[in-house]
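The structure under discussion appears below in the form of structure tokens.
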Amino acid sequence: YSIEAQCSSTGTATITVQDGATTIWTTKGANVPSAPSVFVRTWPVPLTGSTGAAMTITLSACGVGSAGTLTVQASRV
């Protein structure tokens with residue numbers, strides 16, 4: 001269970017994981033770097049969500065002229 005993210009050029013971003021409207025995890029500040037660096041976060045035990053609530057993982061905007069890439073490894077039980 002992991003998240004990888006990066007911005008294509010100059011700029012940084014944040015990642016937020018929400019269970020419904022509740023934020024259950026977020027990066028501290030703008031920790032998502034620009035390429036070639038990559039932000040990686042792995043959970044040995046998966047994050048859990050509430051029954052019936054959507055879990056949303058969001059990468060904020062990286063900045064003007066910079067595209068963000070977010071890769072998520074997850075499973076639904």
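Remember, it's a predicted structure, so these values are computed and weren't measured experimentally. Note: hydrogens, waters and symmetry copies are ignored here, and every other heavy atom, side chains too, is used.
Of all the heavy atoms in Ser9 and Gly65, the pair that sits closest is OG-O, 3.5 Å. Summarising the geometry of Tyr1 relative to Ser75, their closest heavy-atom pair is CE2-OG, 3.3 Å, with the distance given to 0.1 Å.
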Run the side-chain donor-acceptor check on residues 33-49: report pairs under 3.5 Å with partners two or more places apart or on a different chain.
none

Could you list the donor-acceptor pairs under 3.5 angstrom formed by side chains in residues 22-31, with sequence neighbours left out?
unit_1 : atom_1 : unit_2 : atom_2 : d
Thr26  : OG1    : Ile15  : O      : 2.9
Thr27  : OG1    : Ile15  : N      : 3.2
Thr27  : OG1    : Gly29  : O      : 3.2
Asn31  : ND2    : Lys28  : O      : 3.0

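Partners of Ser8 according to the side-chain contact (heavy atoms from CB on, under 4.5 Å) rule, which considers only residues two or more places apart in sequence or in another chain, are Ser66, Ala67. In this structure Thr12 satisfies the side chain to side chain donor-acceptor pair (under 3.5 Å) test with no other residue, sequence neighbours excluded.
When each of Val32, Leu59, Thr71, Val17 is tested with Ile3 by the rule side chain to side chain contact (heavy atoms under 4.5 Å, CB included), just one qualifies, namely Val17.
For the side chain to side chain donor-acceptor pair (under 3.5 Å) condition, the pairs that include at least one residue of residues 49-61, sequence neighbours left out, are Thr14-Ser60, Asp19-Ser50. Annotation: ring-ring contact (aromatic ring centres under 6.0 Å, His included) contacts involving residues 46-74, sequence neighbours excluded, are absent.
Atom CG in Leu70 sits 11.0 Å away from atom CD in Gln6 (nearest 0.5 Å).
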